[in-house]
Amino acid sequence: MEVSLIFKIAAVGILVTVIGQVLKHSGREEHAFLVSLAGLLIVLFWIVPYIYDLFENIRDLFSL
Amino acid sequence: MSVINVAMIGVCGVLLSVFLKQQKNDYALYISLGAAVCILILAVNRLGTVMESIEKIQSYIRIDGSYVKVLIKMIGITYVAEFASGLCRDAGYASVGAQIEMFGKFSIMAVSMPILLALIETIEGFLT
């Protein structure tokens, strides 16, 4: 599962960049910003559970 | 999950983030964060087996449990502090990373104080 996380983030990044460029050239600046914000939220939704599990494991393992 | 997988994850993450760095450098940071988290998860799993063997060894040799526990806690603190400060430095905010490292050092000192006191008490016991 881990490797596909990286590729998914890269895919979202590329998509957001392309859509942002298209929107920017067609004159809709604020839509481009909203698209990049949506991309950011999607990526965060994917990464945050992983980070939470990671820190839970570390907490249990090292009894911090 | 051998070292080959970990190396592959690292290299793929770095290549993708370099590719994305020109247009949108924040996604390059997310990819490096994702790669770092994945590798750290694998490392923690691998470290779990080491911890079990340490407990087994501890049951054979009569060591006071608190000393080994402090040692393991120190390893954990340095691990997390290094992870966080490295990421902050990657993002270009070296000052935040330095603060996290300083906190890690101070918390290690705080954790190791009881052992120092125990040592000094034993020495004092010899002298008086």
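Owing to the predicted nature of the structure, the values given are computational and were not obtained by experimental measurement. Labels below follow one simple rule: chain letters A, B, ... track the order of the sequence lines, proteins then strands, and each chain is numbered from 1. Below, all heavy atoms of this structure are taken into account, side chains as well, without hydrogens, waters or symmetry copies.
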So which atom in B:Leu16 and which in A:Ala10 form the shortest heavy-atom distance, rounded to 0.1 Å? CD1-CB, 3.6 Å
Might you point out which heavy atoms bring B:Tyr27 and A:Leu40 nearest each other, and give the distance in Å? OH-N, 3.1 Å
Are B:Ile9 and B:Val18 connected in a single hydrophobic cluster, I mean Ile/Leu/Val/Met/Phe/Trp/Tyr linked by side-chain heavy atoms less than 4.5 Å apart? no
Between B:Ile39 and chain A, with a heavy-atom cut-off of 4.5 Å, which part of the residue counts as in contact: side chain, backbone, both or neither? neither
Rounded to the nearest 0.5 Å, what separates atom CD1 in A:Ile58 from atom CD1 in B:Ile77? 11.5 Å
Ring geometry between A:Phe55 and B:Phe83 (parallel below 30°, tilted from 30 to 60°, perpendicular above 60°): perpendicular
When only heavy atoms count and the cut-off is under 4.5 Å, which of residues 118-128 of chain B reach chain A? none
Considering only heavy atoms, which portion of B:Ile41 lies under 4.5 Å from any heavy atom of chain A: side chain, backbone, both, or neither? both
Using heavy-atom distances under 4.5 Å, tell me whether B:Ile31 contacts chain A through its side chain, its backbone, both, or neither. both
Single-linkage hydrophobic cluster, 4.5 Å side-chain cutoff, B:Val50 and B:Val44 together: yes
Nearest 0.5 Å, please: how far is CG in B:Leu33 from CD1 in A:Ile9? 7.0 Å
In terms of hydrophobic clustering (I, L, V, M, F, W, Y; side-chain heavy atoms under 4.5 Å; direct or indirect links), are B:Leu29 and A:Leu41 co-clustered? no
For the interface with chain A, which of B:Ser32, B:Ser17, B:Ala36, B:Cys38 has the highest count of heavy-atom pairs at distances below 4.5 Å? B:Cys38
Minimal heavy-atom distance between B:Ile72 and A:Phe62, with the atoms involved, is O-CD2, 3.3 Å
Please flag which part of A:Ile47 lies under 4.5 Å from any non-hydrogen atom of chain B: side chain, backbone, both or neither. side chain
Give the member of A:Asp60, A:Val12, A:Leu44, A:Val16 that has the highest number of heavy-atom pairs under 4.5 Å with chain B. A:Val16
Most chain B-contacting option - heavy-atom pairs closer than 4.5 Å, from A:Leu54, A:Ile51, A:Thr17, A:Leu64: A:Leu54
Non-hydrogen atoms of chain A under 4.5 Å away: do they reach the side chain of B:Met74, the backbone, both or neither? neither
I'd like to know if A:Ile14 and A:Leu37 are part of one continuous hydrophobic network [Ile/Leu/Val/Met/Phe/Trp/Tyr, side-chain heavy atoms within less than 4.5 Å]. yes
Are B:Val111 and B:Leu71 in one and the same hydrophobic cluster, where Ile, Leu, Val, Met, Phe, Trp and Tyr link if side-chain heavy atoms are under 4.5 Å apart? no
Pair count under 4.5 Å, heavy atoms only, with chain A: among B:Met51, B:Met8, B:Lys69, highest is B:Met51
Taking side chain as everything from C-beta outward and backbone as N, CA, C, O, which of these in B:Val80 sits under 4.5 Å from a heavy atom of chain A? Side chain, backbone, both or neither. side chain
How close do B:Gly48 and A:Leu61 get, heavy atom to heavy atom, and via which atoms? CA-CD1, 3.6 Å
